[in-house]
Amino acid sequence: MLTSQKELQEYRAQCARALDSQELRVLVCAGTGCVAGGSIKIYNRLIELCKEKGLKVQVELQKEIDHGSIGIKKSGCNGFCELGPLLKIEPMGWLYLQVKLEDCEEIAEKTLVNKEPVERLFYKDSTGTYEKQFDIPFYKKQTRIVLDECGQIDADSIDEYIALGGYAGLERALFEMSDEQICNEIEESGLRGRGGGGYPAGRKWHQVRKQPEKVRYIVCNGDEGDPGAFMDRSIMEGNPHRMLEGMLIAGVATAASEGYIYVRAEYPLAVERLKRAIEQAEKLGLLGGNVLGTDFSFNIHINQGAGAFVCGEGSALTASIEGERGMPRVKPPRTVEAGLFAKPTVLNNVETYANVPLIITKGVEWYRSVGTETSPGTKAFAITGNVKNTGLIEVPMGTTLREVVFDIGGGIKGDKEFKAVQIGGPSGGCLTLSAGQLDLALDFDSLKKVGAMIGSGGLVVMDENTCMVEVARFFMNFTQNESCGKCVPCREGTKRMLEILERIVKGNGTLEDLDLLEELAHTVSKTALCGLGKTAANPVLSTLKYFRDEYIAHVVDKKCPAGACQALKQYKINPDKCKGCSKCARQCPVQAISGEIKSPFEINSEKCIKCGACIEACPFGAVEEV
């Protein structure tokens with residue numbers, strides 16, 4: 001156990017020497033995506049092969065110097081999830097993609113024995129072959145601050161984290177700064193909450209620090225319920241100590257002695273690694289009583305949520321930790337005044353806390369040199385949808401949507417036309433080319449001006465074949481299902497909006513429905529109790545604003561311009577192509593096709609259920625969608 005600043009510094013130097021003594025480091029991505037692709041089997045097989053070949057292997061960092069050893073480690077997420085499992089070789093910086101179990105023999109012989117690359121596993125595209133990770137276009141325009149060590153260190157090792165400067169921020173906060181100085185530094189850095197609201201973190205910490213009540217809590221929101229979002233999960237899995245250190249610094253700044261991490265039970269790997277990280281920190285004296293021999297004591301507990309989206313809202317989250325049903329409450333009082341157990345509470349999300357140690361160690365000027373004046377730093381996004389490169393990215397605040405979609409994302413799949421981006425999940429809005437928003441800067445204030453929000457960082461790219469009415473229906477269905485039901489505007493308003501959207505996509509909508517839908521959206525936004533209800537209508541309002549012609553086509557022409565809404569599809573048989581074989585009629589489940597053999601058949605549109613069985617059955621391509 002470390003009991004002083006000097007002992008921590010000596011331990012850090014010892015860990016750094018041990019890490020530097022490893023001749024090679026093999027970092028097998030063990031984020032959730034790569035684990036699902038078989039990366040743990042690859043990890044185990046490489047260890048077996050090294051032992052068979054008589055190579056010295058370290059699966060855990062050994063304190064004694066061992067020159068010539070090979071460290072084989074399970075790292076966090078590298079971000080390029082669709083090309084996993086990924087494997088990185090240091091100090092060369094080589095990145096192998098789509099590694100298979102059968103590749104292990106070649107990797108062991110060529111790379112681990114002969115120090116030669118397996119070139120066929122490098123990234124290749126039309127511009128060339130890239131052997132190093134940060135030369136690949138997907139990574140080149142990224143600036144990794146929060147994610148800088150995800151994929152670069154053993155995710156299960158506190159020693160590797162310390163070797164690379166980990167807990168130096170806590171050290172400075174404990175021994176060199178007052179609580180007021182810490183809060184001032186965070187406020188001057190301009191760090192804003194990365195959970196979606198963008199509230200200044202330092203201001204929140206000051207508010208808690210100044211409360212007359214002496215019992216305070218530090219709470220980390222790791223609930224992350226947006227569909228397709230996995231930024232916080234990747235940090236918790238890949239570098240849990242960075243987040244824990246941020247919470248510890250917040251505890252020092254506000255004189256809190258208890259911290260709680262609220263994480264989704266659907267993140268079992270994150271929970272496992274957080275538990276291990278807490279145990280490691282306690283064993284070294286970085287958590288628990290009298291941290292590093294000081295009067296400061298701090299304990300961290302993990303609470304697993306049951307998957308309710310509404311528990312991402314602060315007061316619902318704290319109610320859930322207390323054992324109550326996760327439902328928002330009326331404010332004031334605010335969380336900083338009466339949060340967890342009715343005590344002053346600092347509530348930030350995973351990414352916010354992960355920024356804190358670097359601000360304390362590298363300083364305000366360094367942090368403000370990245371991003372924009374009002375939104376300093378970086379933001380992690382999960383980029384998904386109809387884009388060539390999907391995965392986890394981190395870019396400076398102020399990066400344009402065009403850079404994210406086309407430079408990092410590689411453009412639209414199948415070289416189709418870009419249509420829109422849904423940003424901020426169910427609470428966000430759509431950004432579109434038609435409104436000139438492709439060159440919009442991605443920061444808190446710019447997005448707010450156009451009726452969108454960063455949210456937790458989910459970013460779904462859509463192409464020309466996406467129906468924007470169906471997008472609005474999808475997100476409204478999600479929000480309606482996740483409504484806690486406490487307030488009437490959200491409980492009933494989202495239900496009525498969903499009913500209207502379902503009528504529209506089925507071809508039963510009217511122009512009056514569009515007016516009612518818009519009126520309901522504005523009413524719910526103004527009168528709902530919490531952030532979930534107030535932002536629930538954003539997908540509807542943004543699509544009505546930028547894609548109203550699609551809504552009109554659905555209700556007036558009874559057609560879906562994107563051809564995506566099944567109920568609005570219409571099929572006909574081209575008599576010039578039909579050979580009268582009757583295969584389509586035999587496959588139709590509702591006998592909607594009739595005709596005589598060797599003569600063109602016809603489809604009864606009133607009977608047709610638009611299942612598409614006839615298109616698949618016809619060998620001549622005579623059945624066409626109109």
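Residue numbers count from 1 along this sequence.
Salt-bridge formation is not detected for the pair E394/K379: no Lys NZ or Arg NE/NH1/NH2 atom is positioned less than 4.0 Å from an Asp or Glu carboxylate oxygen. A salt bridge is absent between E149 and R144; no separation between the charged side-chain nitrogens and carboxylate oxygens falls under 4.0 Å. One finds a salt bridge joining R233 and E237 here, because a Lys/Arg side-chain nitrogen approaches an Asp/Glu carboxylate oxygen to under 4.0 Å. The pair K204-E187 fails the salt-bridge criterion, with no side-chain N (NZ, NE, NH1 or NH2) lying under 4.0 Å from an Asp/Glu carboxylate O. Here E188 does not pair with R368 in a salt bridge; the nearest charged N to carboxylate O distance is not below 4.0 Å.
Sequence neighbours left out, not one pair with a member in residues 479-516 passes ring-ring contact (aromatic ring centres under 6.0 Å, His included). Pairs engaging residues 384-404 under the ring-ring contact (aromatic ring centres under 6.0 Å, His included) rule: none recorded [sequence neighbours left out]. Among residue pairs with one or both ends in residues 468-494, those qualifying as ring-ring contact (aromatic ring centres under 6.0 Å, His included) are F309-F478; sequence neighbours excluded. Legend: ring-ring contact (aromatic ring centres under 6.0 Å, His included) pairs involving residues 401-429, not counting sequence neighbours: none detected. Here salt bridge (charged side-chain N to carboxylate O under 4.0 Å, His left out) pairs that include residues 451-465, with residues two or more places apart or in two chains, number zero.
Listed by chain and residue number, T535 satisfy the side-chain hydrogen bond (donor to acceptor under 3.5 Å, both in side chains) test with S427 (two or more places apart in sequence, or in another chain). The side-chain hydrogen bond (donor to acceptor under 3.5 Å, both in side chains) test applied to R496 returns E492, E499, not counting sequence neighbours. With sequence neighbours excluded, no residue satisfies salt bridge (Lys or Arg N to Asp or Glu O under 4.0 Å) with D443. Qualifying side-chain contact (heavy atoms from CB on, under 4.5 Å) partners for K140, counting only residues two or more places apart in sequence or in other chains: none. T374 meets the side-chain hydrogen bond (donor to acceptor under 3.5 Å, both in side chains) test with D445; sequence neighbours excluded. By the side-chain hydrogen bond (donor to acceptor under 3.5 Å, both in side chains) test, R548 pairs with E518, sequence neighbours left out.
The one candidate from T400, I454, L440 that meets the side-chain contact (heavy atoms from CB on, under 4.5 Å) condition with S446 is L440.
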For residues 520-532, run the donor-acceptor check on the side chains, cut-off 3.5 Å, and write out each pair with its distance to 0.1 Å, sequence neighbours left out.
| unit_1 | atom_1 | unit_2 | atom_2 | d |
| --- | --- | --- | --- | --- |
| T523 | OG1 | E519 | O | 2.9 |
| S525 | OG | A521 | O | 2.9 |
| T527 | OG1 | T523 | O | 2.7 |

